[in-house]
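In what follows, chains are A, B, ... by sequence order, proteins preceding strands, each numbered from 1.
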There are 2 protein chains.
Amino acid sequence: MSKNQKKISEKTIERLSAYRRYLKDLLKKGKDRVYSHELSQIVSGTAAQVRRDLMEVGCNGCSSKGYEISLLIEEISKLLDCSDKQNIALIGVGNLGRALLGYFSGSRDNFDIVAAFDSDPGKSGRIICGRRCYDMEQLPAMLGELKINTAILAVPAESAEKVAQTLIESGIKAILNFAPRHITTGSGVFIETLDMTSALEKAIYFSRKNTQQRKST
Amino acid sequence: MSKNQKKISEKTIERLSAYRRYLKDLLKKGKDRVYSHELSQIVSGTAAQVRRDLMEVGCNGCSSKGYEISLLIEEISKLLDCSDKQNIALIGVGNLGRALLGYFSGSRDNFDIVAAFDSDPGKSGRIICGRRCYDMEQLPAMLGELKINTAILAVPAESAEKVAQTLIESGIKAILNFAPRHITTGSGVFIETLDMTSALEKAIYFSRKNTQQRKST
DNA sequence: CTAAAGTTGTGAAATATTGCACAGCGTGAT
DNA sequence: ATCACGCTGTGCAATATTTCACAACTTTAG
Ligand SMILES: NC(=O)c1ccc[n+]([C@@H]2O[C@H](COP(=O)([O-])OP(=O)(O)OC[C@H]3O[C@@H](n4cnc5c(N)ncnc54)[C@H](O)[C@@H]3O)[C@@H](O)[C@H]2O)c1
Ligand SMILES: NC(=O)c1ccc[n+]([C@@H]2O[C@H](COP(=O)([O-])OP(=O)(O)OC[C@H]3O[C@@H](n4cnc5c(N)ncnc54)[C@H](O)[C@@H]3O)[C@@H](O)[C@H]2O)c1
């Protein structure tokens, strides 16, 4: 019962998220069915890969007619989303943090950044992009109070590990880290580091090699 | 001659970039040698993986003493960097674009954002974060003039594909795309899409499954 | 000088991920 | 009713990536 599905790969989860976003677009445009080969284009994969991904959410496809978009969205959401809207915390309201706050706050229906934290007294206490910014001392209490278990980390690299440690001790379960620092954790906390500098240097590197296009997500 | 190494994987390139950044830190702190198991921690891999990565740049390791940091930085740079500093363009000077501009401009010695472009007349013509912002009409000419072959794309999703097409036609060789849209290209242009929303939804998903930590880059 | 400890370089095994190819099914045409 | 067509679901092959494991080498201790 607790083990209905064994394990879905990270790559698949990422693609499912991308599929869903695209499917919502399609739905808005009035489409109601979609084929795997159409979906495959938005992640530069093959149709077979899409079908395999969709198998993980319980196949809803129908031969010849493809997948029903609204049903697919529903099924993907059932897998990805929690029953209730997830509260997210943002740590570090600098240049990047503000951009993220403006981008993610309020616009989604499955999650929301409900609180921001910064060590700078000039920021905490204020309301930024419509969200209250708290002092770091209030972090442990607020995480519990707001039932936050995922955090976005956008503090300078030097502070990243220390802040991450605080987050983990406060019971956070996953961190999306933008600082160019690897976060180590003995516990079962999920850490995803988005390293923009490496990504850019990779792009620069491959701008010189004439590779075929690849990649996704 | 032209085919000195067959092919280095994207993952390896990303890690090499991360190693180098860390190695520069270590050097600044006065260290001069490093072991593979030390490097392995910053990408949450194994020591063997690090050694394998470093083999790609031509092994410089020495039994028992590890790798000489300055030499390693040199060798990685020889692989990753071009002989001359790479000029980068930023397209879309919105909330995210400005953060990126502030972050990447001027601080690196192997690349620099030398020009920004935006379709908004209120932005083009001005100087933002110390960089001139041009009108989109000037894009093709400027890319050639400044010898730019890598671009950062930070425009709204709706415009992303069209702008990417323009970039490719103007001769760009690689794009780091922040818009939540897959860019397709028949040509050999390298496209790297950083999808923050998928990354966040992935983090949220795994905050509920108690996985061991994984991932890097 | 010899042994012990610790590290590199790397073939080979183990995993993870992707792509192929085809059986089976629904649909629409005849 | 039958058939051709196009798409799904999936076993299996093909790749890609990571990890294991060990010989060879360097340094240090005795
Ligand atoms: N700006 C970008 O486009 C960009 C790009 C790639 C990576 N990053 C990374 O993202 C992170 C944030 O970048 P940024 O440009 O927003 O930096 P920033 O300096 O503008 O903002 C950092 C914020 O974190 C706060 N802070 C510092 N120490 C803290 C602590 N211990 N606890 C809580 N808050 C603390 C600061 O007060 C500040 O508001 C950095 O690690 C940076 O390397 C940023
Ligand atoms: N802000 C974030 O933190 C964040 C997070 C994840 C993804 N993104 C993505 O990054 C992109 C930029 O986000 P943003 O928040 O900076 O948006 P934004 O609206 O603040 O900025 C977009 C900028 O692009 C310019 N622009 C629009 N159409 C253009 C065109 N055709 N050619 C040139 N410039 C054009 C606009 O004038 C504006 O300056 C979006 O695709 C967004 O989905 C942003």
Send over the distance from E56(A) CD to dT8(D) C1', rounded to a whole Å. 16 Å
Contacts under 3.5 angstrom, residues 102-118 of chain B side chains, donor-acceptor by atom type, not counting sequence neighbours:
unit_1  : atom_1 : unit_2  : atom_2 : d
S105(B) : OG     : L101(B) : O      : 2.9
S107(B) : OG     : Y103(B) : O      : 3.3
N110(B) : ND2    : E201(A) : OE2    : 3.1
N110(B) : ND2    : D81(B)  : OD1    : 3.0
D112(B) : OD1    : G106(B) : N      : 2.8
D112(B) : OD1    : R131(B) : NH2    : 3.3
D112(B) : OD2    : R131(B) : NH2    : 3.0
D118(B) : OD1    : D120(B) : N      : 2.8
D118(B) : OD2    : V93(B)  : N      : 2.7

K147(A): what forms a side-chain contact (heavy atoms from CB on, under 4.5 Å) with it, not counting sequence neighbours? none
Go along nucleotides 7-17 of chain C 5' to 3' and tag each nucleotide: B for a protein heavy atom under 4.0 Å from its base, S when only backbone or sugar atoms are that close, - otherwise. BBBBBB----S
Results of salt bridge (Lys or Arg N to Asp or Glu O under 4.0 Å) for R21(A) - residues two or more places apart only: D195(B)
Distance-only donor-acceptor hits, side chain of residues 151-168 of chain A, under 3.5 Å, sequence neighbours excluded:
unit_1  : atom_1 : unit_2  : atom_2 : d
T166(A) : OG1    : K162(A) : O      : 3.1

Keeping the roles fixed (side chain from R208(A), backbone from L80(B)), state whether a donor-acceptor pair exists under 3.5 Å. yes
ring-ring contact (aromatic ring centres under 6.0 Å, His included) contacts touching residues 157-181 of chain B (sequence neighbours left out): none
Close N/O contacts between protein and nucleotides 2-4 of chain C (under 3.5 Å):
none

A48(B): what forms a side-chain contact (heavy atoms from CB on, under 4.5 Å) with it, not counting sequence neighbours? T46(B), R51(B)
Restricting to pairs with a member in residues 90-101 of chain A, which pass salt bridge (Lys or Arg N to Asp or Glu O under 4.0 Å), not counting sequence neighbours? none
Sort and list the pairs that fulfil ring-ring contact (aromatic ring centres under 6.0 Å, His included) and have at least one residue in residues 43-89 of chain A, not counting sequence neighbours. none
Residue list, ring-ring contact (aromatic ring centres under 6.0 Å, His included) with Y35(B), at least two apart or on another chain: H37(B)
Please report, rounded to the nearest Å, how far the P atom of dT10(D) is from the CG atom of D53(A). 14 Å
Take the protein atom CD1 of I8(B) and the nucleotide atom C1' of dT17(D), then report the distance between them rounded to whole Å. 15 Å
Residues from residues 68-77 of chain A lying under 4.0 Å of DNA chain C - heavy atoms: none
